[in-house]
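All of these numbers come straight from a predicted model, not from anything done at the bench. All heavy atoms count here, side chains included; hydrogens, waters and symmetry mates do not.
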Amino acid sequence: MSEPSLILNAQAIQRAITRIGHEIAERNENSGEVVLIGIPVGGDEIAIRLSAVLSGIWQHPVPVGVLDVSMHRDDLDQRAAPKIYPTVIPFDVTGKTVVLVDDVLFSGRTTRAAMDALNDFGRPKKIQLAVLVDRGHRELPIKADFVGKNLPTAPTEKVRVRINQPGAEDAVVLEKP
């Protein structure tokens, strides 16, 4: 494997999150209806940062939740035992505009699983998708509403997002086989 290539450093990640926050604010006039739900691992931390940006724009707190999608994936039979993360959604999603937040959009299967899992918590008025990196190669008809960086990749490459990891600076790197 070759040396990973730096795609986004910490400052570029924060700029992308700030831009996504402004795009979410532009597209959603009723700020009181917007809630953010992050998908672990990665999307949960990005959702927290987006909430801070949106709270600054709208001058009120923007609720944040975390949604584990492990048991809703369509490839459970092809994986080892999935790592389960806590789901914490301390608000009702019914009638809200839910912005699902993930770090990398690839096949679209995680997003589909998130939408399935979200049904267990109510019926949102609208679901939008915000991702830090869209690397293409969709297997399902899913498109992000808000994208920090479009990064065309080969299917064999890996995009790694390091956010809020102890001892490591925030970064997005591309690993080639």
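Counting only residues at least two apart or on different chains, the salt bridge (Lys or Arg N to Asp or Glu O under 4.0 Å) pairs with a member in residues 5-24 are Arg19-Glu23. The side-chain hydrogen bond (donor to acceptor under 3.5 Å, both in side chains) analysis of residues 51-61, with sequence neighbours excluded, yields the pairs Ser31-His60.
Scored by the side chain to side chain contact (heavy atoms under 4.5 Å, CB included) test, Ala52 finds no partners at all (sequence neighbours excluded). Among residues two or more places apart in sequence or in another chain, the salt bridge (Lys or Arg N to Asp or Glu O under 4.0 Å) test is passed with Asp102 by none. Partners of Lys125 by side chain to side chain donor-acceptor pair (under 3.5 Å), not counting sequence neighbours, listed by chain and number: Glu33. Considering only residues two or more places apart in sequence or on other chains, Asp116 meets the side chain to side chain donor-acceptor pair (under 3.5 Å) condition with Arg112. Partners of Asp92 according to the salt bridge (Lys or Arg N to Asp or Glu O under 4.0 Å) rule, which considers only residues two or more places apart in sequence or in another chain, do not exist here. Glu45 pairs by the side chain to side chain donor-acceptor pair (under 3.5 Å) definition with Arg49, Asn164, not counting sequence neighbours. Taking Thr97 as the reference, nothing meets the side chain to side chain donor-acceptor pair (under 3.5 Å) condition, with sequence neighbours excluded. Remark: His22 pairs with no residue by the ring pair (Phe, Tyr, Trp, His ring centres under 6.0 Å) rule, at least two apart or across chains. Annotation: ring pair (Phe, Tyr, Trp, His ring centres under 6.0 Å) contacts of Phe146 (sequence neighbours excluded): none. For Arg160, the salt bridge (Lys or Arg N to Asp or Glu O under 4.0 Å) test picks out Glu175, with sequence neighbours left out.
Between the CD atom of Glu139 and the CZ atom of Phe106 there is a distance of 7.0 Å, given to the nearest 0.5 Å.
Both Leu50 and Val133 sit in one connected hydrophobic cluster of ILVMFWY residues. Membership requires side-chain heavy atoms under 4.5 Å apart, directly or through other members.
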